[in-house]
Amino acid sequence: MSAKACRNLILILGDQLSADISSLRQADPEADVIFMAEVMAEATYVPHHKKKIVFLFSAMRHFAQELRDAGWTVNYVQLDDTDNSGSFEGEVRRAVRRLTPERVVVTEPGEWRVLENMGQWQDDLGLPVEIRTDSRFFCDASTFRGWADGRKQLRMENFYREMRKSTGLLMEGDKPAGGKWNYDAENRKPAKQDLFMPAPLQFEPDAITQDVLYLVEQRFESHIGQLAPFWFAVTREQAEDAFHHFLDEALENFGTYQDAMLRGEKFLYHAVISAYLNAGLLSPKTVCEKVVEAYYADNCPLNAAEGFIRQILGWREYVRGIYWLKMPGYARENALKGSRPLPAFYWTGETSMKCVQEAVGQTLEEAYAHHIQRLMVTGNFALLAGVDPVEVHEWYLAVYADAYEWVELPNTLGMSQFADGGLLASKPYISSGNYINKMSDYCQNCDYNVRNKTGEGACPFNALYWDFLDRHTDELGTNPRLGQPYATWRRMPDDTKQEYLDSAKVFLEKLDAGERV
């Protein structure tokens, strides 16, 4: 194709690996050129996990080949290509000079900073730039804004029910399947080691992935995480196979044990498809429909089907809506004034707390941890310890293969760290060691004793829990969902309270001094 023949330069971003992405609608393979680029700025604005970078670059290269096989002209810039400028805007500018298109077309990005940057492209490039709505979601930003307008509280449960009604998923007429909207109470059973744990489907790296593995090993040696073994799906076909494996092998028990944690069991009954969904290899609409089909075919119980649908149709859509409703100021929220630096063990896993050791160690190995490990172990500790929520956010964004700012930021600042003061979550998600002991076997092999409340060798979560409540009485003392723990705190003898506060102080001083804790 000659440079003069390029009508539209269609930019596909690394999380837009969908053949039905809005930027490709009404596109013409005979007149338009698809443009994709691996750029250093996006790989390094936080120190992304090595496996995350491999997954994205490999998936991008495979998607480019899929498009070529379908008859498209794809102009693809690899990270180590000569003259790669290292940024989106630089590479788009170079592509415009090479191909002289009439306009640039792109689907809206998933991050505010990228969209803000794109808003300047039209003036900078001197040609039209069309930014289209991302139609891969159930609810676009304007629809969510309409739902939120005038509401005093933006609770996910209310949004979720509206989404169930509008989509008809797990609905029987105007009633929810089974008569209840939410079966979360049936999804909190701890697991035992004698259960059969089906591993997610794993894939051998092909030649394309091998090239990317070598590239990342050479160019991102200082980044967090292990590269081997690399087993992620990197094509649409592989991602679909991985999802169908979950349907056949794990969905039945997914709901019941979705909050459980076990030593050495990284995946339990989780689907492990969030990275594929968020990159565009899987359609959220399709996976929800398939789970509903499984329920009505009696292949899974209702608590499993509803729990899965709630995560995708409810929570995933809800946090995206919150992100676009509240950015850019949302990224700077810090309602509880956390200021402590993120402890070094978040990057190394070197801690005596077995629960944190397990969650972080697994994260270093796999660029994955499930939602309870993130919320009630690493997130819980950071909140109790008063860590700066922006540092917590940047860690989650860096270390998980499924983390993009639109989904990760509200989950971290809102749900995990309560930094928005209760906009997203009705209470802080905090616990003492008792919850972790109930939902896992981590405490059995820990250097700390979860049954000891204070003093040397006591589980740090125990004293930190009460210390957190005490120091945030002004902000949280009237929260109705914290009424019981605050009542318990007020009834405690003064010397017992002081023991908790003193134990927390000693622990935090060791943490601040860089000692192993």
Side-chain angles (χ1 to χ4, degrees), residues 190 261 334-346 351-359 372 375-389 392 416-419 421-422 425-517:
M261 299 173 285
N334 190 359
L336 299 181
K337 299 179 176 57
S339 60
R340 181 166 276 107
L342 188 73
F345 57 70
Y346 277 76
T351 172
S352 297
M353 293 177 287
K354 188 64 176 178
C355 58
V356 179
Q357 187 185 111
E358 286 280 331
I372 294 299
L375 179 65
M376 298 309 299
V377 178
T378 52
N380 184 18
F381 180 86
L383 182 55
L384 294 178
V387 175
D388 184 337
V392 182
S416 173
Q417 299 303 295
F418 206 72
S426 57
K427 73 174 183 68
Y429 278 83
I430 54 171
S431 78
S432 65
N434 183 57
Y435 174 86
I436 296 170
N437 189 38
K438 175 185 174 184
M439 296 306 301
S440 78
D441 63 354
Y442 293 159
C443 301
Q444 295 176 16
N445 282 28
C446 186
D447 290 348
Y448 295 104
N449 190 329
V450 70
R451 293 177 177 80
N452 292 350
K453 306 303 183 184
T454 61
E456 188 72 23
C459 172
F461 283 83
N462 293 334
L464 290 176
Y465 175 81
W466 294 111
D467 182 68
F468 173 89
L469 290 175
D470 180 67
R471 70 177 185 269
H472 292 300
T473 301
D474 290 345
E475 300 97 335
L476 302 173
T478 59
N479 184 306
R481 295 195 64 192
L482 293 176
Q484 183 174 346
Y486 270 111
T488 300
W489 178 246
R490 287 192 293 270
R491 288 196 301 268
M492 282 186 193
D494 288 344
D495 57 347
T496 302
K497 289 181 182 179
Q498 196 60 50
E499 285 180 18
Y500 278 119
L501 299 180
D502 289 345
S503 285
K505 183 173 184 289
V506 169
F507 177 85
L508 291 173
E509 285 175 348
K510 289 182 179 178
L511 184 69
D512 293 340
E515 298 179 30
R516 183 183 174 99
V517 295

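- Side-chain contact between L375 and Y429 is present, with at least one heavy-atom pair separated by less than 4.5 Å.
- The number of heavy-atom neighbours closer than 6.0 Å to CZ of R516, taken from other residues, nucleotides and ligands shown, is above 12.
- The number of heavy atoms from other shown groups lying within 6.0 Å of CD (Q444) is above 12.
- Nearest heavy atoms, N434 versus N462: N-OD1, 4.3 Å.
- W466 and Y500 have tilted rings, their planes meeting at an angle from 30° to 60° on a 0 to 90° scale.
- Using a 4.5 Å heavy-atom cutoff, the side chains of V517 and P460 are not in contact.
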What do the steps show when you test F461 against V356 for side chain to side chain contact (heavy atoms under 4.5 Å, CB included), and what is the final call? CA-CA 11 Å; F461 283 83; V356 179; 4.2 Å; yes
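- When all heavy atoms of S416 and L383 are compared, the closest pair comes out as O-CD2, 3.4 Å.
- Among all heavy-atom pairs drawn from L336 and H472, the shortest one is O-CE1, 3.3 Å.
- Heavy-atom minimum distance, C355 versus I436: CB-CG2, 3.9 Å.
- Both cation-pi conditions hold for K497 and W489: the charged atom is under 6.0 angstrom from the six-membered ring centre and inside a 45 degree cone around its axis.
- Taking a 6.0 Å sphere around CD of E509, one finds it holds more than 12 heavy atoms contributed by other residues, nucleotides or ligands.
- In terms of heavy atoms, E475 sits closest to R471 at OE1-O, 4.0 Å.
- Between the SG atom of C459 and the CE atom of M353 there is a distance of 8.5 Å, given to the nearest 0.5 Å.
- The two atoms that bring S503 and G455 nearest to each other are OG-N, 2.9 Å, heavy atoms only.
- N445 CG to K354 NZ: the interatomic distance, rounded to the nearest 0.5 Å, is 6.0 Å.
- Annotation for K505: atom NZ does not count as buried by contact number, only 12 or fewer foreign heavy atoms lying within 6.0 Å.
- Judged purely by atom type and a 3.5 angstrom limit, S426 has no side-chain atom pairing as donor or acceptor with the backbone of G422.
- With a 4.5 Å cut-off on side-chain heavy atoms, L464 and L508 count as touching.
- Using a distance-only test at 3.5 Å, with no hydrogens or angles considered, a donor-acceptor pair links the side chain of N380 to the main chain of S431.
- With rounding to the nearest 0.5 angstrom, the CG atom of L501 is 5.0 Å from the CG atom of D470.
- Annotation: side chain of V377 is in contact with side chain of M261 (closest heavy-atom distance under 4.5 Å).
- In this structure, the side chains of L342 and D388 stay at 4.5 Å or more apart for every pair of heavy atoms.
- With rounding to the nearest 0.5 angstrom, the CZ atom of F345 is 11.0 Å from the CD atom of Q357.
- Below 30°, between 30° and 60°, or above 60°: for Y346 and F381 the angle between ring planes is between 30° and 60°, a tilted geometry.
- D467 contributes atom CG, which lies 9.0 Å from atom CG of L384 (distance to the nearest 0.5 angstrom).
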Check the pair L476, F418 against side chain to side chain contact (heavy atoms under 4.5 Å, CB included), reporting the backbone distance first and the verdict last. CA-CA 11 Å; L476 302 173; F418 206 72; 3.6 Å; yes
